[in-house]
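Only one structure is covered here, and it is reproduced in the block below.
In what follows, every heavy atom counts, from backbone to side chain, and hydrogens, waters and symmetry copies are set aside. The chain is numbered in sequence order, starting from 1. On a predicted model such as this, the values are computed, not experimentally measured, just so you know.
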Amino acid sequence: MSLPHAILTALLEKPSSGLELTRRFDRSIGYFWSATHQQIYRELGKLEGEGLIRALPSEQPARGQKKAYEVLPAGREELARWTAASQDPKPHRDALLLRLRAAAVVGTEGLEEDLRRHRELHARQLETYREIEGRDFPPGRGGAEDRLRHLVLRAGIDLETFWTQWLDHALAEFAELDVRGRQG
């Protein structure tokens with residue numbers, strides 16, 4: 001149920017068309033809640049049908065013209081209700097961890113190379129997040145909205161830091177397994 005709330009959040013920040021929302025998801029919200037172009041358009045239709053958003057009137061209606069949407073009071077109320085509601089954390093599911101567990105019984109063929117690939121991908125994402133932090137959250141910038149957005153970004157930085165460190169540890173374990181395997 002979070003995609004509609006992500007869209008409501010984005011529209012409250014700035015009324016946008018579906019295409020603009022898709023681009024904004026790619027640049028920000030999509031780092032922690034992804035959605036395809038089709039999913040966003042489908043949700044916009046549902047939200048409009050539920051009376052939570054409306055298409056802004058355009059100056060010159062034309063076929064194929066992109067519609068911009070804004071949040072209605074009912075949409076703001078729904079987002080506030082959802083934000084205040086309690087929610088339990090979701091169990092973490094990660095295919096890489098499952099594959100590592102499976103390797104304990106079927107062997108590690110090909111897994112070390114994929115661990116290195118994952119390490120590189122997480123390192124690149126961490127670099128991207130740090131660039132965003134340096135650009136968008138310079139020291140001394142401290143309004144409530146910016147501080148909360150920065151907190152979300154910090155979660156991404158901390159998660160990517162965790163994954164790069166954990167993958168370094170996993171690769172060190174693989175190196176140790178290789179040494180022991182050659183000795184024994």
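- Electrostatic pairing of R116 and E112 counts as a salt bridge here, judged by a charged N lying under 4.0 Å from a carboxylate O.
- The distance from the CD atom of Q87 to the NZ atom of K90 is 5.0 Å, given to the nearest 0.5 Å.
- Here the closest non-hydrogen pair linking A6 and I29 is O-CD1, 3.9 Å.
- Legend: residues meeting salt bridge (Lys or Arg N to Asp or Glu O under 4.0 Å) with R117, ordered by chain and number and at least two apart, are D114.
- Side-chain contact check for L11 versus L79: every heavy-atom pair is 4.5 Å or farther apart.
- Looking only at side-chain heavy atoms (C-beta outward), L121 and Q125 stay at 4.5 Å or farther from each other.
- We find the CZ-CD distance between R130 and E160 to be 10.0 Å, quoted to the nearest 0.5 Å.
- Expressed to the nearest 0.5 Å, how far OG1 of T164 lies from CZ of R124 amounts to 13.5 Å.
- Looking at every heavy atom in both residues, G51 comes nearest to A74 through O-CB, 3.8 Å.
- Classification of the F137-H150 ring pair by plane angle, with boundaries at 30° and 60°, yields parallel.
- Residues L153 and Y31 fall within the same hydrophobic cluster, defined by Ile, Leu, Val, Met, Phe, Trp and Tyr side chains chained together at heavy-atom separations under 4.5 Å.
- Taking both residues in full, the closest heavy atoms of L111 and R99 are given as CD1-NH2, 3.5 Å, listed atom of the first, atom of the second, then distance.
- Scanning all heavy atoms of the two residues, the minimum distance from R76 to V71 falls at N-CG1, 3.4 Å.
- Side-chain contact check for T9 versus W82: every heavy-atom pair is 4.5 Å or farther apart.
- Listed by chain and number, the residues in a side chain to side chain contact (heavy atoms under 4.5 Å, CB included) with T22 are D26, H37, I40 (sequence neighbours excluded).
- Counting heavy atoms of neighbouring residues, nucleotides and ligands inside a 6.0 Å radius, atom CZ of R135 exceeds 12 of them.
- Residue R154 places its CZ atom among more than 12 non-hydrogen atoms of other residues, nucleotides or ligands, all under 6.0 Å distant.
- Rounding to the nearest 0.5 Å places CD of E70 at 10.0 Å from CG of L12.
- Of all the heavy atoms in E133 and I157, the pair that sits closest is OE1-CD1, 3.4 Å.
- Between the side chain of R24 and the main chain of K14, a donor-acceptor pair closer than 3.5 Å is present.
- Considering all non-hydrogen atoms of both residues, L44 and I53 come closest at O-CD1, 3.5 Å.
- Under the 4.5 Å side-chain contact rule for hydrophobic residues, L8 and L56 do not share a cluster.
- In this structure, the separation between CD on E43 and CG on L21 is 11.5 Å, given to the nearest 0.5 Å.
- Under the 4.5 Å side-chain heavy-atom criterion for grouping Ile, Leu, Val, Met, Phe, Trp and Tyr, L72 is not connected to Y69 through any hydrophobic cluster.
- Counting only heavy atoms from C-beta outward, the side chains of E78 and E50 never approach each other to under 4.5 Å.
- Atom CD1 in I7 sits 11.0 Å away from atom OH in Y41 (nearest 0.5 Å).
- Checked against ring-ring contact (aromatic ring centres under 6.0 Å, His included), F25 has no partners two or more places apart in sequence or in another chain.
- Side-chain atoms of L96 and L115, non-hydrogen and from C-beta on, do get closer than 4.5 Å to each other.
- Linking Ile, Leu, Val, Met, Phe, Trp and Tyr whenever their side-chain heavy atoms come within less than 4.5 Å leaves Y129 and L159 in two separate clusters.
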